[in-house]
Protein chains: 2
Amino acid sequence: MKKHDQDFIRRQNRLTVFEMIKNQHPISRAAIAKRTGMSPTTVSRIVTELTEQGYLFESDQVSEGVGRKSTLLDIVSASVLSIGVELDRGHMNVGIVDLQGNLLCGGKYPRDPDESPDKTIARISEAIDGLTKLQEIDRTRIVGIGVGLPGIVNNEKGIVMFSVQLGWKNVALADRLKELTGYEVAVDNELKVKALAEHLKGVAIGSSRTALLGFGNGVGSALILEGEIYRGETNSAGEIGHTTVDPNGMMCECGKTGCLQTYINIGSLLSEANRIRPIRTIEELFEARRSGEQWAVQLIERALMYMAITVNNIVCMYNPDSVILSGELVDKIPEVYEEVEALCHSRFIWEPLRGSFAFHRSELNERGVVIGSGLLSQNRFFELS
Amino acid sequence: MKKHDQDFIRRQNRLTVFEMIKNQHPISRAAIAKRTGMSPTTVSRIVTELTEQGYLFESDQVSEGVGRKSTLLDIVSASVLSIGVELDRGHMNVGIVDLQGNLLCGGKYPRDPDESPDKTIARISEAIDGLTKLQEIDRTRIVGIGVGLPGIVNNEKGIVMFSVQLGWKNVALADRLKELTGYEVAVDNELKVKALAEHLKGVAIGSSRTALLGFGNGVGSALILEGEIYRGETNSAGEIGHTTVDPNGMMCECGKTGCLQTYINIGSLLSEANRIRPIRTIEELFEARRSGEQWAVQLIERALMYMAITVNNIVCMYNPDSVILSGELVDKIPEVYEEVEALCHSRFIWEPLRGSFAFHRSELNERGVVIGSGLLSQNRFFELS
DNA sequence: ATTAAATAACATCACTGGAGAAAAGGTCGG
DNA sequence: CCGACCTTTTCTCCAGTGATGTTATTTAAT
């Protein structure tokens, strides 16, 4: 129910042109006009404006057959920079991301799981100071900070509602970090920004409906619809960790029984494994399976089956065009992706939907959250400007 | 990546004004201007135009305190009519729906489950002829036909991909019906249009994210996002009947095991019941439970539990602001709604999401599909005009 | 006299379309 | 073989269209 006026048109068209160049560079003015349906005049005017603001440059002259050469336009990728932050229980990652989603520089910092929010926020700020002091970075080009973390986030107000992994509850992360650094801060759930990154710069470029699944210390999913993160009413959409997959199953920390996460969480798998014999890491567990220990075979096969079931349930409900598997389990253990995919295709996907989507493994891996957070904050910036 | 131009603005603003009057009638020009942010001039101009086209009329003059009286505007509800059709295995419903979602007239017609598509389509056409011959109906105001049916539908092309209930596969319903009647035809899944009806005229007015669940001969769900049906890639979003809820469960007709529908389908419940003793209808089954027959208690309680689990899974994935229960089971058996709601609130909804959504029972009941189909075709009409 | 609703006349501004300059390839006659 | 000429394409300039917004005016109530 919002009005539309000339200003809206202008901003929208500017954005359309900019996005098109960002995604399909290098490209000529004429090609943009053709593809968007705008008149060449309009495109030219917008391009002039964007060039003056330093976002674009004319990269080359190329002959398209007969006629005047077309001048190709390209993005000045360093014209907009943002800082991406990944917060997790035991570590944090900070990086500087450019317009094209490249990680210009970055660092990994350990974090004490019991660290207070204030301490962590201060250390993020220090890390940013450190990175931006590197000479190549033009600090005036930084438009904001994005933070991705596990847990439920109020993304509008930038508040971490609660995060089991961080041990946080009701932390006004955005406000405090903005106070400290002066930059605009966007906060969101890690899987949501990771999905955004894969959609914009990873394996799901061009997809209209991307579903990303994260199998790791938590279990979750995220959905990108027409380039936008689907959030739901309280930004909790995709919290599949507590969907019930077996009413007779184990007790979950949430107080229900048979939650999905009790079957495929790394923590749950390890604690189950330790009923048999001491197992420290998930790699050890898979090693035990490879060497044929029956209990490990059973435990892991059950987990893999539930992962395939989860893919099916996601596909039935979201009906996406791309499904991406990600998370520690997928990144660290090569067979997880392959076996889940095989299970899906052979048995667990409802037949009418087989082939309705592309199956991918995360391409950006552990850089996904940092890149996604950075891109999120850039998106926020462009929406406003 | 589409251009925005003045024409787009104009259409959009016209629609905005029209929608606002439709939803908040009666309302004055000034109030519309305030709420949309448009200038009074623009609103006045659009109102004049819509009035000339016969969609609006000035209903009353009301003094809002000091100052000139405001003239209230209202919808001419009969200015746009459409035909809603509900197709099901054993019957079909046809009705005429006005702008406000009122069912002006309608009829129920039996259908032979083995009837061929051509026969059914011909009978729909006859039924429409019958209804439109009623004198009160201004046939020139009818803008199209909407059809809702169980099954997977290609809504863009109006093709019924397949429908177990109707026994149809690859039927070009829209094209054939358009040929026969001359009207534009929109086709969609019954739950999707039912959700649309509840969102526009039923129990979920004003909701931004409505999830509707249908428990009946099939099991399904539909999601309305910001007033639009969420369809997914192949218009199959929300097909929860074949999400897996118990990998060790019963064989489903789809070839997988433990599909949700094997637990709560009316058909499945009856066939399970008949292992014990002959049971014809779902009412009989619930009667058996009320009289304390243990097998019936168990069977039904299991079903109710799975319904609650389904609500939880929907809530976790879609994170809606409203959840609507509908379908034959809910409509015919009063305790289903109450018990499922009780189960949800006491045990089955993940704690952080309790209270994040409103729980409703379908308000339009068996008229929902007819009304929704009619409104769908009206929406289609307004998008184009 | 003041306030609010509706309207009329005028102003603003984003896009369009046509004309024209620039630049390259193709064609054709000498 | 080569230069003149034509065609095609890109891009820009300028006037024109049509949407909304602004300001002033009329009407009606406190």
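Sequence lines set the chain letters: A, B, ... in the order given, protein chains first and strands last, and positions in each chain run from 1.
The phosphate of C:dT7 has OP1 or OP2 within less than 4.0 Å of a side-chain N or O from B:Arg29. In this model, the phosphate group of C:dA5 is not approached by any side-chain N or O of B:Lys69 to a distance below 4.0 Å at OP1 or OP2. Phosphate contact (OP1/OP2 of D:dA19, side-chain N/O of B:Asn13, threshold under 4.0 Å): absent. Taking 4.0 angstrom as the limit, B:Ser39 places none of its side-chain polar atoms (N or O) nearer than this to OP1 or OP2 of D:dT20. Of the side-chain N and O atoms in A:Thr71, one or more sit less than 4.0 angstrom from OP1 or OP2 of D:dC11. Of the side-chain N and O atoms in A:Thr41, none sit less than 4.0 angstrom from OP1 or OP2 of D:dC13. At the phosphate of C:dT7, neither OP1 nor OP2 sits under 4.0 Å from any side-chain N or O atom of B:Arg45.
Residue B:Arg68 places no side-chain atom within donor-acceptor reach of the base of C:dA4, judged by atom type and a 3.5 Å distance cut-off alone.
Nearest-nucleotide assignment on DNA chain D puts the 5′-proximal partner with A:Pro40, out of A:Asp5 and A:Pro40.
Applying the salt bridge (charged side-chain N to carboxylate O under 4.0 Å, His left out) test to pairs two or more places apart or on separate chains, none has a residue in residues 194-206 of chain A.
Following rounding to the nearest Å, B:Ile9 (CD1) and D:dT17 (C1') show an atom-to-atom distance of 13 Å. Computed from coordinates, the A:Gln6 CD to D:dT17 C1' distance equals 11 Å when rounded to whole Å. Across the protein-nucleic acid pair, B:Arg11 atom CZ and D:dG18 atom C1' stand 15 Å apart, rounded to whole Å. Atom CZ of A:Arg35 and atom C1' of D:dT10 are 15 Å apart (whole Å). Look at CD1 on B:Ile46: it is 10 Å from C1' on D:dA19, rounded to the nearest Å. Rounding to whole angstrom units, CD of residue B:Gln61 and P of C:dA4 are separated by 18 Å. Remark: P of D:dT20 and CG of B:Asp7 are 11 Å apart, rounded to the nearest angstrom. Atom C1' of nucleotide D:dA19 and atom CD of B:Glu49 are separated by 12 Å, given to the nearest angstrom.
Scanning for salt bridge (charged side-chain N to carboxylate O under 4.0 Å, His left out) contacts around B:Glu136 gives an empty result, with sequence neighbours left out.
Counting non-hydrogen atoms under 4.0 angstrom, A:Thr48 reaches nothing in the nucleic acid.
Using a 4.0 Å cut-off between charged side-chain N and carboxylate O, A:Arg11 and A:Glu383 make no salt bridge. Salt bridge B:Glu156/B:Arg231: absent, no basic N to carboxylate O contact under 4.0 Å.
Taking the six-membered ring where tryptophan is involved, the planes of B:Tyr318 and A:Tyr318 are tilted, since the angle between them lies from 30° to 60°.
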